[in-house]
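This report concerns only the one structure given below.
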Amino acid sequence: MWQRRFWEHLIRDETDLSRHLDYIHYNPVKHGYVANVVDWPYSTFHRYVKEGTYPENWGGIVDTNAGKCLESDLVRKRTLR
């Protein structure tokens, strides 16, 4: 069954792909499932870290005691291959 909130999207270029990958990888943090992107075990993020596309601390390291981000959110020190 198709849901109305989903739509087809053709990836236009490297920048568009980068934005979509960022969105996908940060989603578990955004929705409160984990404190850090690296903590979500079901993500392709781990493969991209091994390839050197993302640094392991991408998305910030959250201090759960203080509730503040120690690194800047959505660190963009990566390039797509």
Which atoms form the tightest heavy-atom contact between Asn36 and Val34, and what is the distance?
O-CG2, 3.2 Å
Could you state the interatomic distance from NE2 (His25) to NE2 (His46), rounded to the nearest 0.5 Å?
8.5 Å
The reported gap from NZ in Lys50 to OG1 in Thr44 (rounded to nearest 0.5 angstrom) is 12.0 Å
Side-chain heavy atoms under 4.5 Å apart, restricted to Ile/Leu/Val/Met/Phe/Trp/Tyr: what other residues fall into the cluster of Leu10, or is it alone?
none
Check whether any side-chain heavy atom of Tyr54 lies under 4.5 Å from a side-chain heavy atom of Asp22, and answer yes or no.
yes
Taking the ring centre of each residue, are Trp40 and Phe45 less than 6.0 Å apart?
no
Test item: Asp16 and His9 side chains (from C-beta on) under 4.5 Å apart, heavy atoms:
yes
Mind checking the OH-CH2 spacing from Tyr48 to Trp58? Nearest 0.5 Å is all I need.
12.0 Å
Rounded distance [0.5 Å steps], NE2 in His20 versus OG1 in Thr15
12.0 Å
With clusters defined by side-chain heavy atoms of hydrophobic residues (ILVMFWY) lying less than 4.5 Å apart, directly or transitively, does Leu17 cluster with Tyr23?
no
Contacts of Ile24 that satisfy side-chain contact (heavy atoms from CB on, under 4.5 Å) - sequence neighbours left out:
none
